[in-house]
Amino acid sequence: GIDLGIKTFAVMTNREKAYSPNYRIIDCKIRKLQNKLARQQKGSNRRNITRLRIARLHNQITDLRKDFLHKLSTKIVSENQTIVLEDLNVSGMVKNRKLSRAISQQGWREFRTLCEAKSEKFGRNFQVISRWEPTSQVCSSCGFRWGKVDLSIRSILCLNCGVEQDRDENASRNIE
């Protein structure tokens with residue numbers, strides 16, 4: 001079972017965590033260059049050079065993301081017989097203005113398609129659970145449902161069985 005997130009890209013049921021590369025530095029460079037590009041005169045050579053630099057940085061982010069996703073998906077598919085992912089409403093999540101940039105840069109859909117294709121190639125089972133399944137709202141030990149919890153709360157203490165667990169690890173166990 002794999003729980004996808006922003007801070008930790010993927011949390012597996014074997015308590016293994018995969019962190020995505022930091023795109024923030026390159027993204028800041030792109031934003032500065034785009035501001036510079038907006039002020040430059042159209043048709044000038046310097047504007048063309050700035051435009052090419054922006055394109056190079058975009059390609060660099062794309063290559064970083066693809067490399068990370070390919071390596072992670074290959075590792076997961078080669079180590080496991082059954083892979084279970086959650087179906088995420090990415091288009092709805094992107095509407096949150098504070099998280100939209102971070103969500104867009106993760107590449108969750110690309111990761112899902114890579115895992116699907118590689119599991120088919122290697123003869124593994126690949127499943128996707130419904131997006132309406134309350135994976136982070138239910139205790140994985142006893143099944144007690146505590147309801148919606150704010151994203152800032154990372155550790156949860158079950159009121160029924162008294163087990164304290166990480167929010168993402170609990171969700172990945174429920175997905176499994």
Side-chain angles (χ1 to χ4, degrees), residues 1-24 27 61-62 64-176:
I2 301 170
D3 178 54
L4 299 175
I6 296 173
K7 201 169 190 179
T8 53
F9 180 80
V11 178
M12 279 69 87
T13 47
N14 59 357
R15 296 180 183 248
E16 193 176 317
K17 296 181 180 181
Y19 296 94
S20 62
N22 191 0
Y23 308 112
R24 195 173 295 136
D27 194 45
I61 286 180
T62 306
L64 258 173
R65 186 183 308 115
K66 277 187 180 176
D67 181 56
F68 167 72
L69 294 177
H70 269 291
K71 286 178 181 174
L72 182 64
S73 61
T74 303
K75 181 180 179 234
I76 288 171
V77 170
S78 63
E79 290 177 357
N80 302 299
Q81 289 297 317
T82 304
I83 297 120
V84 184
L85 271 176
E86 60 181 334
D87 183 31
L88 294 171
N89 182 16
V90 178
S91 60
M93 294 167 84
V94 169
K95 290 178 183 171
N96 181 344
R97 287 180 33 218
K98 295 187 183 210
L99 296 175
S100 61
R101 185 183 302 273
I103 290 169
S104 299
Q105 288 178 345
Q106 293 300 315
W108 290 330
R109 183 65 189 185
E110 191 176 353
F111 177 70
R112 178 178 162 181
T113 55
L114 286 172
C115 283
E116 244 177 308
K118 289 178 183 182
S119 60
E120 190 178 307
K121 180 181 176 185
F122 291 116
R124 308 286 200 256
N125 294 334
F126 183 81
Q127 294 176 337
V128 178
I129 64 167
S130 169
R131 67 176 62 168
W132 307 112
E133 202 71 37
T135 56
S136 60
Q137 300 175 18
V138 178
C139 179
S140 60
S141 306
C142 65
F144 177 74
R145 185 170 180 169
W146 49 71
K148 284 196 171 185
V149 181
D150 195 45
L151 282 173
S152 61
I153 299 170
R154 302 311 304 165
S155 174
I156 298 172
L157 177 67
C158 181
L159 301 172
N160 193 31
C161 62
V163 175
E164 185 174 352
Q165 48 198 348
D166 182 59
R167 177 193 181 109
D168 295 330
E169 289 176 12
N170 176 53
S172 67
R173 274 188 240 115
N174 284 333
I175 290 169
E176 182 187 32

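Throughout, numbering of the chain's residues begins at 1 and tracks the sequence.
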Rounded distance (nearest 0.5 Å) linking atom [atom1] of [X] with atom [atom2] of [Y]:
X: K66; Y: L114; atom1: NZ; atom2: CG; result: 9.5 Å
X: M93; Y: S100; atom1: CE; atom2: OG; result: 11.5 Å
X: E164; Y: L157; atom1: CD; atom2: CG; result: 5.5 Å
X: I2; Y: F111; atom1: CD1; atom2: CZ; result: 4.5 Å
X: S172; Y: M12; atom1: OG; atom2: CE; result: 9.0 Å

Close side-chain approach of [X] and [Y], heavy atoms under 4.5 Å:
X: W108; Y: I6; value: yes
X: F126; Y: C115; value: yes
X: R101; Y: D27; value: yes
X: H70; Y: E110; value: no

Using a cut-off of 6.0 Å, state whether more than 12 heavy atoms not belonging to E120 lie near its atom CD. no
What heavy-atom pair brings [X] and [Y] nearest, and what distance separates the two atoms?
X: L4; Y: A10; result: CD2-CB, 4.1 Å
X: C161; Y: C142; result: SG-SG, 3.7 Å
X: F68; Y: S20; result: CZ-CA, 3.7 Å
X: A18; Y: L72; result: CB-CD1, 3.7 Å

Can any side-chain N or O of [X] pair as donor or acceptor with the backbone N or O of [Y] at less than 3.5 Å?
X: N80; Y: I76; value: yes
X: R65; Y: Q105; value: yes
X: R24; Y: N22; value: no

Sidechain N-carboxylate O distance under 4.0 Å for K7, D168: no
Does anything in residues 68-78 pair up under salt bridge (Lys or Arg N to Asp or Glu O under 4.0 Å), and if so which pairs, sequence neighbours excluded? E16-K75, D67-K71
With K118, the side-chain contact (heavy atoms from CB on, under 4.5 Å) member among T74, T113, I83: T74
Is the closest side-chain donor-acceptor distance between K17 and T8 under 3.5 Å? no
Indicate whether any N or O donor in one side chain lies under 3.5 Å from an N or O acceptor in the other, for T82 and Q127. no
What residues, two or more places apart in sequence or in another chain, satisfy side chain to side chain donor-acceptor pair (under 3.5 Å) together with R112? D87
